[in-house]
Amino acid sequence: MYAVRYELIKTCKQSGARLGRLHTPHGVIETPIFMPVGTQATVKAMTPEELKEIGSQIILSNTYHLYMRPGHDLVKEAGGLHKFMNWDKPILTDSGGFQVFSLGPLRKITEEGVNFRSHIDGSKHFISPEKAMEIQNALGSDIMMAFDECAPYPADREYVKNSLERTTRWLKRCKEAHKNTENQALFGIIQGGMYKDLREQSAKEVLAVDLPGYAIGGLSVGEPKKLMYEVLEYTTPLMPVDKPRYLMGVGSPDDLIEGVIRGVDMFDCVLPTRIARNGTAMTSEGKVVVRNAKYARDFTPLDPECDCYCCKNYTRAYIRHLVKANEILASRLISTHNLHFLLKLMEQVRQAIMEDRLLDFRAEFFQKYGYEL
Ligand SMILES: CCNc1nc2cc3[nH]c(NC)nc3cc2c(=O)[nH]1
């Protein structure tokens, strides 16, 4: 009945973390999963073949950006986003909500939707729940996100309450406007800021709208990590066990592990590719800022324990040279490594859940990576 169906395989005895499978029109996804972000129909500096090579199962693309350029009608004419970008595995598109809200003073929110000016040429635009559905239906993504408002942090109770109630009204309009329900799954988004009772209210209202999956929004917006973990602690238990839970915008190694322990199944984050473009690598011994002079004559790989294409063939000295010379290959090699690192981490997390030892895995990983528990 839904385009996307979640299968709960196992719950970790140590932590309550879940092992699952997400069946989509473009293939099955093993969860917990990290989704590389391909904002403008490309995961920056990576080809689809390279993404598959490192184990990417699903990627994310941004509705706001593709609506602005090249236009969702052009992508539709190309046969949809999968064809346009030559990616035949699952795609999740966001709804533009978060992007237009981060345009700050350039936007005006009304019950109808959001008026904003283009970040490209300043032209005036308007996105509503209906428009966000039209765009995502044109893109043809397997998973479409509802048009919501991500409340800023900090925000007072009154604002957060009004905002979550509008997000619920917008969700109903999204579901109403959603075409092609047999091939594209709509996920709802729970808001409520950092207020326990408002999270409960938003969860109740959003989960009352029957959908194949749900996201936890309004987090990773500048709040302290501990606060994010606390909100997760009391929000995921409100969510159905037989549907996927997607924590938006989260992706550092510790946040991924802590999120899985608190029952999250899906994550996305620009971090691995963004920090790669400014010369920082995630390695099993913590971050390596390869542009640093101390690596000038370091002829060892970025990460001695990594088996990715970058770590098998290049040294820190060479990659540092590429970064200093502003060579495109620097971004390509470090992005390859960082994405592989996170995808490998999620594979190890899935294995640890299978063996009921995720808390032990967290202790080992944190100790090596240099995190304090
Ligand atoms: C689908 C668009 N809606 C939507 N996207 C989001 C994207 C985020 N990205 C981050 N940190 C990087 N927090 C987020 C929250 C939301 C959120 O509450 N809503």
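Predicted model, so just to flag it, every value in this text is computed and none were measured. Atoms within each ligand, like the ligands themselves, are counted from 1 in listed order. Residue numbers start at 1 and run along the sequence shown. Every heavy atom of this structure was used, including side-chain atoms; hydrogens, water molecules and symmetry mates were not.
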When the ring planes of Phe116 and Tyr67 are compared, do they come out parallel, tilted or perpendicular, using 30° and 60° as the limits?
perpendicular
Do the ring planes of Phe365 and Tyr369 sit parallel (below 30°), tilted (30 to 60°) or perpendicular (above 60°)?
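Rings of Phe365 and Tyr369: parallel, as their planes differ by under 30°.
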Short side-chain donor-acceptor distance under 3.5 Å, His23 and Glu7
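A donor-acceptor contact under 3.5 Å links the two side chains.
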Taking NZ, NE, NH1 and NH2 as the nitrogens, is one of them in Lys226 or Glu230 under 4.0 Å from a carboxylate oxygen of the other?
no
With hydrogens left out, which residues have an atom under 4.0 Å from ligand 1, given that only heavy atoms count?
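Answer by chain and number: Asp94, Ser95, Phe98, Met145, Asp148, Cys150, Ile189, Gln191, Gly217, Gly218, Leu219, Ser220, Val221, Met248, Gly249.
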Please tell me whether Tyr64 and Phe98 form a close aromatic pair, meaning their ring centres lie under 6.0 Å apart.
no
Which side-chain hydrogen bond (donor to acceptor under 3.5 Å, both in side chains) pairs, counting each pair once, include a residue from residues 318-335, with sequence neighbours left out?
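For residues 318-335, and leaving out neighbouring residues, the side-chain hydrogen bond (donor to acceptor under 3.5 Å, both in side chains) pairs sorted by first residue read Glu50-Arg332.
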